[in-house]
Engineer: 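Dropping the structure in here first, questions after.
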Amino acid sequence: MREILGEAPRDAVEHEARALGATGDIEVNDRAIVVEGLDEPRRYYLQHGCGYQCHDRNKPHHYRQHGWAPIGWEAEDGPQTA
């Protein structure tokens, strides 16, 4: 897991997330630490402390997209975009 979290072992990540107020399961996967119950500043703190993305379980990120908002938009008029 060093590849994912630098020197922070999984137990230390869970301990830190709990200390910040995380509730429910804490998941560490190949993309991010996924938590519940942490507001954005606390997620950022965990993210930068671990050197790894930290996501809110209630706002899932779309695969291969930036964040949880769709990339792009539907064209109202004009030619279709690629």
Engineer: Below 3.5 Å, can you tabulate the donor-acceptor pairs from side chains in residues 13-23 to any protein atom, sequence neighbours excluded?
Structural biologist:
{"unit_1": "Arg18", "atom_1": "NH1", "unit_2": "Ala22", "atom_2": "O", "d": "3.2"}
{"unit_1": "Arg18", "atom_1": "NH1", "unit_2": "Gly24", "atom_2": "O", "d": "2.9"}
{"unit_1": "Arg18", "atom_1": "NH2", "unit_2": "Gly24", "atom_2": "O", "d": "2.7"}

Engineer: Do the side chains of Val28 and Tyr44 join up, straight or via other hydrophobic residues, at under 4.5 Å, putting them in one cluster?
Structural biologist: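 Unlinked, Val28 and Tyr44 end up in two clusters.
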
Engineer: Measure the NE2-CD distance between His55 and Glu36 for me, rounded to the nearest 0.5 Å.
Structural biologist: 14.5 Å

Engineer: Indicate, with yes or no, if Leu38 and Val34 share a hydrophobic cluster defined by side-chain heavy-atom contacts under 4.5 Å among Ile, Leu, Val, Met, Phe, Trp and Tyr.
Structural biologist: no

Engineer: How long is the straight-line distance from CG of Asp30 back to CD of Gln53, given to the nearest 0.5 Å?
Structural biologist: 12.5 Å

Engineer: Distance from Cys54 atom SG to Glu40 atom CD, nearest 0.5 Å?
Structural biologist: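 Nearest 0.5 Å value for the SG-CD distance: 10.5 Å.
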
Engineer: If every non-hydrogen atom of Asp56 is compared with every non-hydrogen atom of Asn58, which pair is closest and at what distance?
Structural biologist: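 That would be OD1-N, 2.8 Å.
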
Engineer: Should the heavy atoms of other residues, nucleotides or ligands under 6.0 Å from CZ of Arg57 be counted, would the total exceed 12?
Structural biologist: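 Result for CZ/Arg57: enclosed.
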
Engineer: Once rounded to the nearest 0.5 Å, what's the spacing between atom CD of Glu27 and atom CZ of Arg10?
Structural biologist: 9.0 Å

Engineer: Spell out, as yes or no, whether a donor-acceptor pair under 3.5 Å connects the side chain of Tyr52 to the backbone of Arg31.
Structural biologist: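 It does hold such a pair.
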
